[in-house]
Protein chains: 2
Amino acid sequence: MATSTSTLKRTRRNLPAAERREALIDCAQSLFFSKGYEATTIADIIARAEVSKGGFYHHFSAKEDLLEAVVARMTAAIIEQSRDVLANPGLDALERLNRFLHRTSDWKVDNARRLASVSRALLAQENTLLFQRILAAVTQTIQPLLLGIVKEGVEEGVFDVADPNLAAEVLVSLSHARREVIHDAIVMAEAGDVASGVRRIETRMKAETATIERLLGVASGSLVLVPKGAVRKMLAALAAAR
Amino acid sequence: MATSTSTLKRTRRNLPAAERREALIDCAQSLFFSKGYEATTIADIIARAEVSKGGFYHHFSAKEDLLEAVVARMTAAIIEQSRDVLANPGLDALERLNRFLHRTSDWKVDNARRLASVSRALLAQENTLLFQRILAAVTQTIQPLLLGIVKEGVEEGVFDVADPNLAAEVLVSLSHARREVIHDAIVMAEAGDVASGVRRIETRMKAETATIERLLGVASGSLVLVPKGAVRKMLAALAAAR
DNA sequence: CTATAAACCGACCGACGGTCGGTCTGCAAT
DNA sequence: ATTGCAGACCGACCGTCGGTCGGTTTATAG
């Protein structure tokens, strides 16, 4: 007679673990973004990924584990591309700092659209947890890097800083606080008002530049937080694609 | 025959709503501190408070509501005592800033023991959420206050700052980052090593003072983040009480 | 063809946040 | 004193959700 296996899903496909994992992370990320981590159910995720409960728990030990995987994947790119900052031995600390900052903003220009949607999702009320995790992960990579640059700058006599640790801390926290401004500008650009968005960001950047120059004790004008025209380019891309 | 009320709790006492609420918040806070918000169950709370499920939900609409109440009560004191900073009209901005900072550190000296236990609890891994909520609440009060002072200072010509908003932001984030250092020092003091703790905090404070002086464009030495001897007094109180 | 490991299934479980119909208490008006 | 009422309080019950487990299916190596 018919066993309990009679109505088995015929769509079952064994995937290599890495692929399944990736697929699950995809679904989870998209759901986390739209509903938030807490409000997203394992049932939601496995429904979208077309995997059973057991299948899910074969790849992840807990919901928390999945969260970590999402954060890890999101931060991997940033962490990876930051790692080779130390690879320019010929440059002094100030130049290195500028390069480092530019690479970040170059990425933002290239990935404007993705940045916009991620930014929207993460600043939402229900996503504090996810956002916090990402900030923590990024900080953990970026801060030591910046600390290294600052320390080197002090040794070279390029920077004048009492406590490199504190300086690195401030640099990181400034970059985090910046996101809010960037998000505002994105909203403006997506509404078609690129000019306002550009103004918003550049005002902020100007103030930040002055602040950091003072903080590091370098001459006014020697620091370039973001390349000329980069802001406009990024926001224009958004306005064009709306 | 015996109705369903036969085994009613004889210890039931109707309290005024405010008192019950307070009692529940007490229990919740203590449990949140020791186990974290997520790990604390409504069942835990009502068991300790000796109140039924229904009784609890008569006073709070949800667990989240209780969290808000805990945060509100914890931040109420800080918010309250900060409010009258604007009440010294005769002083210039620099003086006002110093007063404001001193009041904060005075409070820390007076409440060293409580500060120690709260600090321990909030920096624990499982309490990120609670900590974040408190930071947000405090920031929301403190930052506008500092912004006011900075703006006034700029008008008076006492401060030289491009963007008062940014300056206020940095001031707040510095004060938040400070907690970690303070916590380290508390641990040292409680282990009996007051000297190391004092050194740790004062090194940090010195660097912060220099940073803020640069940030605000005031002369070196004009800012006094923390009154002389305050750090030692606070940590000594902890060492004595261990 | 068979053995073995890994991918996958889905019924089931216990815990937890939250609800609901009702009871009990204190107090004010009669 | 009695009654009526509001609101403090009770606890059985519910739906949901994260997580488990015994077992089945698929892929692969020998």
Side-chain angles (χ1 to χ4, degrees), chain A residues 1-28 31-32 34-70 126 129-130, chain B residues 1-28 31-32 34-70 126 129-130:
Chain A
M1 65 197 218
T3 71
S4 61
T5 68
S6 57
T7 30
L8 243 198
K9 243 198 173 175
R10 286 285 116 223
T11 55
R12 171 177 178 168
R13 279 186 337 168
N14 278 16
L15 287 187
E19 261 173 65
R20 250 296 113 81
R21 253 186 86 91
E22 213 62 19
L24 283 164
I25 295 176
D26 282 342
C27 296
L31 284 164
F32 288 172
S34 59
K35 307 175 52 174
Y37 171 71
E38 319 251 319
T40 300
T41 304
I42 303 287
D44 291 338
I45 297 166
I46 65 179
R48 183 175 293 200
E50 295 184 308
V51 171
S52 69
K53 231 6 175 353
F56 173 84
Y57 278 97
H58 179 69
H59 294 287
F60 298 94
S61 67
K63 197 188 176 190
E64 164 79 23
D65 189 26
L66 176 62
L67 175 62
E68 270 167 36
V70 169
E126 68 269 20
L129 178 61
L130 184 53
Chain B
M1 67 204 234
T3 73
S4 61
T5 67
S6 57
T7 29
L8 244 199
K9 241 196 175 178
R10 287 285 114 225
T11 55
R12 172 176 177 170
R13 277 185 338 165
N14 278 17
L15 287 187
E19 263 174 63
R20 245 307 106 80
R21 253 187 87 90
E22 213 62 17
L24 283 164
I25 296 175
D26 283 343
C27 296
L31 284 164
F32 288 172
S34 59
K35 306 175 54 174
Y37 171 72
E38 318 251 322
T40 300
T41 303
I42 303 288
D44 291 339
I45 297 166
I46 64 180
R48 184 177 292 200
E50 295 184 306
V51 171
S52 70
K53 216 49 170 319
F56 174 84
Y57 278 97
H58 180 68
H59 294 286
F60 297 94
S61 68
K63 196 189 178 189
E64 165 80 24
D65 189 27
L66 177 61
L67 175 62
E68 270 167 37
V70 169
E126 68 269 20
L129 178 62
L130 183 54

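Please read these numbers as outputs of a predicted model, since none were measured by experiment. Residue numbers start from 1 in every chain, and the chains themselves are labelled A, B, ... in the order their sequence lines are given, proteins ahead of strands.
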Protein N or O to nucleotides 5-8 of chain D N or O, pairs below 3.5 Å:
residue, atom, partner, partner atom, Å
dA8(D), OP2, His58(B), NE2, 2.6
dA8(D), O3', Leu15(B), O, 3.4
dA8(D), N3, Arg12(B), NH2, 2.7

A side-chain contact here means heavy atoms from C-beta on lying under 4.5 Å apart; do Ile45(B) and Leu24(B) qualify? yes
Set of residues satisfying salt bridge (Lys or Arg N to Asp or Glu O under 4.0 Å) with respect to Lys35(B), sequence neighbours excluded: Asp44(B)
Is there a donor-acceptor pair closer than 3.5 Å between any side-chain N or O of Lys63(B) and the backbone N or O of Thr40(B)? yes
Residues forming a salt bridge (Lys or Arg N to Asp or Glu O under 4.0 Å) with Glu64(A), sequence neighbours excluded: Arg133(A)
Nearest whole angstrom, please: distance from the C1' of dG18(D) to the CG of Leu67(A). 14 Å
For residues Val70(B) and Tyr37(B), determine if any side-chain heavy atom of one lies less than 4.5 Å from a side-chain heavy atom of the other. no
Contacts of Glu22(A) that satisfy salt bridge (Lys or Arg N to Asp or Glu O under 4.0 Å) - sequence neighbours left out: Arg73(A)
The criterion is salt bridge (Lys or Arg N to Asp or Glu O under 4.0 Å); which residues satisfy it with Asp65(A), sequence neighbours excluded? none
Over all atoms of both residues, closest heavy-atom pair of Arg48(B) and Cys27(B): CG-SG, 3.8 Å
For nucleotides 14-18 of chain C, which of its nitrogen or oxygen atoms have a protein nitrogen or oxygen under 3.5 Å away, and what is each distance?
residue, atom, partner, partner atom, Å
dG17(C), OP1, Lys63(B), NZ, 3.1
dG17(C), OP2, Ile42(B), N, 3.0
dG18(C), OP2, Tyr57(B), OH, 3.0
dG18(C), OP2, Lys63(B), N, 2.8
dG18(C), N7, Lys53(B), NZ, 3.0
dG18(C), O6, Lys53(B), NZ, 2.4

How close or far is atom P of dC17(D) from atom CZ of Phe60(A), stated in whole angstroms? 20 Å
